[in-house]
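What follows is a short report on a single structure.
Sequence lines set the chain letters: A, B, ... in the order given, protein chains first and strands last, and positions in each chain run from 1.
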Protein chains: 2
Amino acid sequence: MKVYKIPEATVMRLSIYSRYLHQLIDEGVDTVSSGEIAAGVGVGSAQVRKDLAYFGEFGTRGVGYKVEELYGYLIKILGLDQQWNVIIVGAGKLGSALALYQGFKDRGFSVCAILDNDPGRIGQKLGETTIEPLEQMDQRIKEHNIKVGIVTVPAQVAQEVTDRLITAGVTAILNFSPKVLRVPHEVTLRNVDLSVNLEVLSFNLALNS
Amino acid sequence: MKVYKIPEATVMRLSIYSRYLHQLIDEGVDTVSSGEIAAGVGVGSAQVRKDLAYFGEFGTRGVGYKVEELYGYLIKILGLDQQWNVIIVGAGKLGSALALYQGFKDRGFSVCAILDNDPGRIGQKLGETTIEPLEQMDQRIKEHNIKVGIVTVPAQVAQEVTDRLITAGVTAILNFSPKVLRVPHEVTLRNVDLSVNLEVLSFNLALNS
DNA sequence: TAGATTGTTAATCGATTAACAATC
DNA sequence: TAGATTGTTAATCGATTAACAATC
């Protein structure tokens, strides 16, 4: 797949398209147009075609796209045709909820290690997985060839934990801590800052009042 | 505050700046330049000045910004100088974790109602708040003048729940369900789609392998 | 005054959208 | 062939960045 520069928004939309196509498969639909996908997920049809065009030609002019086929391509493009092992650092409320989140499993993500440094938490089970001390990080990452780390620790230790994850071999990080993290450019970082999200809402509420 | 069109990215950065300023206050710093803020949060200094310029002139040429003063302005702009009452619909793992999330309280958000339709969950306590049936929605929203709704229900019922929230008076929605929601234009919607986030990581991993 | 840093304008960059030739 | 819809180009839009006059 020879690709130059894909806008991040495009990747996010591909993920959403793929879910919509999954729904169409369930409904037994077998052909769909860019306009229908667009209407289904609330974007323009040119946007849909443009997003797909980054990766190839998947449709038939005058006809549209075969739903199952396009779905298969998207899953491949998104890397969801393989299993990704995940480590969660921080077994607080949020980390524990994420460890048990069914949506991750559904899409091929397998949480195979959960770490915390609270002696009261270590040894407890979350589903199949036992909470272990941070010292186990290196071993678990190597053992399970983990590439994805989820950071749900307090802000003060988030950078340190991130550095350790990267040193141990993780190259993709989902950060839930309210901390601006620095990572080398070859590591992909995404921030899911819950407070920032609520504050955008708050901004809009304040604006309209 | 007379404002035309603020990029959403600007609002998110303002939230991040405000946290950085809070940290500077703790450190006893009392003056800061746009370059220092920029370095602190990993953006360009022109970006910082431009973001602030949407809302006014907060600095002194040749000197910089007074930390506490600028922090105060940002809190005001973000609407964090007032308390926002929040309702959570869906008391599963994620909803429960959010109900207890300290970060929300710290920024002035008060979760004052949690609803679920699972009889096994109703009546249980999450912190101070008791899980109630969905029938209580209208009453709680009116009683507490709730403007913010957090949706953590399964995709199948997300749109229905959202419609009910809006009818009852909620005008800002944080959606954690993997569902494209339709809301009237006067309602602010933010999607925090955990799977989409992981899939962007997966895409990048697949790209680099 | 000299040095520093803001606020703002203009240039650049990149993403979205409209339009249409290609083609089923 | 006529109608439909793709893939792609070019136009538009909007956000970021560079540059600099204003000014402390």
Side-chain angles (χ1 to χ4, degrees), chain A residues 1-17 20-21 24 29-71 73-74 77 180 196 200 203, chain B residues 1-17 20-21 24 29-71 73-74 77 180 196 200 203:
Chain A
M1 232 175 282
K2 178 184 58 170
V3 158
Y4 295 92
K5 180 58 170 54
I6 315 295
E8 188 168 271
T10 288
V11 178
M12 298 183 71
R13 283 190 299 265
L14 292 179
S15 165
I16 292 167
Y17 302 157
Y20 182 66
L21 292 172
L24 292 183
V29 178
D30 59 32
T31 301
V32 70
S33 69
S34 58
E36 287 162 332
I37 298 173
V41 306
V43 302
S45 69
Q47 182 78 268
V48 173
R49 294 198 300 281
K50 181 74 170 165
D51 287 338
L52 296 175
Y54 285 109
F55 300 95
E57 306 191 0
F58 306 115
T60 307
R61 288 168 195 232
V63 178
Y65 305 87
K66 286 186 172 172
V67 175
E68 293 212 27
E69 194 182 292
L70 183 57
Y71 178 74
Y73 282 123
L74 290 183
I77 289 166
V180 176
V196 166
V200 173
F203 169 82
Chain B
M1 233 176 280
K2 178 185 55 171
V3 158
Y4 294 92
K5 180 59 170 52
I6 313 295
E8 189 169 89
T10 288
V11 178
M12 298 183 71
R13 284 191 298 266
L14 291 180
S15 165
I16 293 168
Y17 302 159
Y20 182 66
L21 292 172
L24 292 183
V29 179
D30 59 32
T31 301
V32 69
S33 69
S34 59
E36 287 163 331
I37 297 173
V41 306
V43 301
S45 70
Q47 182 78 269
V48 173
R49 293 198 299 281
K50 182 71 169 168
D51 287 336
L52 297 175
Y54 285 108
F55 301 94
E57 307 191 0
F58 306 114
T60 308
R61 291 167 194 231
V63 177
Y65 305 88
K66 285 186 173 174
V67 175
E68 293 212 28
E69 193 182 292
L70 182 56
Y71 178 75
Y73 281 123
L74 290 182
I77 289 167
V180 176
V196 167
V200 173
F203 169 81

(Q) In this structure, how many angstroms lie between the P atom of C:dT17 and the CG atom of A:D51, rounded? (A) 10 Å
(Q) Can you measure A:F58 atom CZ to D:dT6 atom P for me and round it to whole angstrom units? (A) 14 Å
Q. For atom CD of A:E36, is the number of surrounding heavy atoms from other residues, nucleotides or ligands below 6.0 Å larger than 12?
A. yes
**Q.** Contact under 4.0 Å: B:T60 side-chain N or O vs D:dC24 OP1/OP2
**A.** no
**Q.** C:dG7 base / B:R61 side chain donor-acceptor hit below 3.5 Å
**A.** no
Q) OH of B:Y73: more than 12 outside heavy atoms within 6.0 angstrom? A) no
**Q.** Any-strand Watson-Crick or G-U partner of D:dC24, both distances under 3.5 Å
**A.** C:dG3
Q) Could you state the NZ-P distance from A:K50 to C:dT16, rounded to the nearest angstrom? A) 10 Å
Q: Using a 4.5 Å cut-off on heavy atoms from C-beta on, say whether the side chain of B:L14 contacts that of B:F55.
A: yes
Q) Just how far, in rounded Å, is P of C:dA4 from OH of B:Y65? A) 17 Å
Q: Using a 4.0 Å heavy-atom cut-off across all strands, classify B:G44 as base, sugar-phosphate, or nothing.
A: nothing
**Q.** Any strand: nucleotide that pairs with C:dA18 via Watson-Crick or wobble, under 3.5 Å
**A.** D:dT9
Q) Within this structure, what is the OH-to-P distance between A:Y73 and D:dG7, rounded to whole angstrom? A) 11 Å
Q | Phosphate OP1/OP2 of D:dT6 contacted by A:S34 side-chain N/O (<4.0 Å) | A | yes
Q.
Check the phosphate of C:dT16 against A:Y54, side-chain N and O only, distance under 4.0 Å to OP1 or OP2. Yes or no?
A. no
Q.
Rounded to whole Å, how long is the line connecting atom CE of A:M12 with atom C1' of C:dA15?
A. 15 Å
Q | Integer-rounded Å distance: C:dT17 P and A:R49 CZ | A | 12 Å
Q) Of A:A46 and A:P7, whose closest DNA chain C nucleotide lies nearer the 5' terminus? A) A:P7
Q.
Looking at A:E69, I'd like to know if its CD atom is crowded, meaning that more than 12 non-hydrogen atoms belonging to other residues, nucleotides or ligands lie closer than 6.0 Å.
A. yes
Q) What integer distance in Å separates B:Q47:CD from D:dA19:P? A) 16 Å
(Q) Working note: B:V43 + B:I37, criterion side-chain contact (heavy atoms from CB on, under 4.5 Å); need CA distance, chi angles, decisive distance, verdict. (A) CA-CA 8 Å; B:V43 301; B:I37 297 173; over 6 Å; no
Q) Does A:A53 or A:G62 map to a spot on DNA chain D nearer the 5' end, using the closest nucleotide for each? A) A:G62
Q.
Let me spell it out: for each of A:T10 and A:V63, pick the nucleotide of DNA chain C with the closest heavy atom. Which residue's pick is nearer the 5' end?
A. A:T10
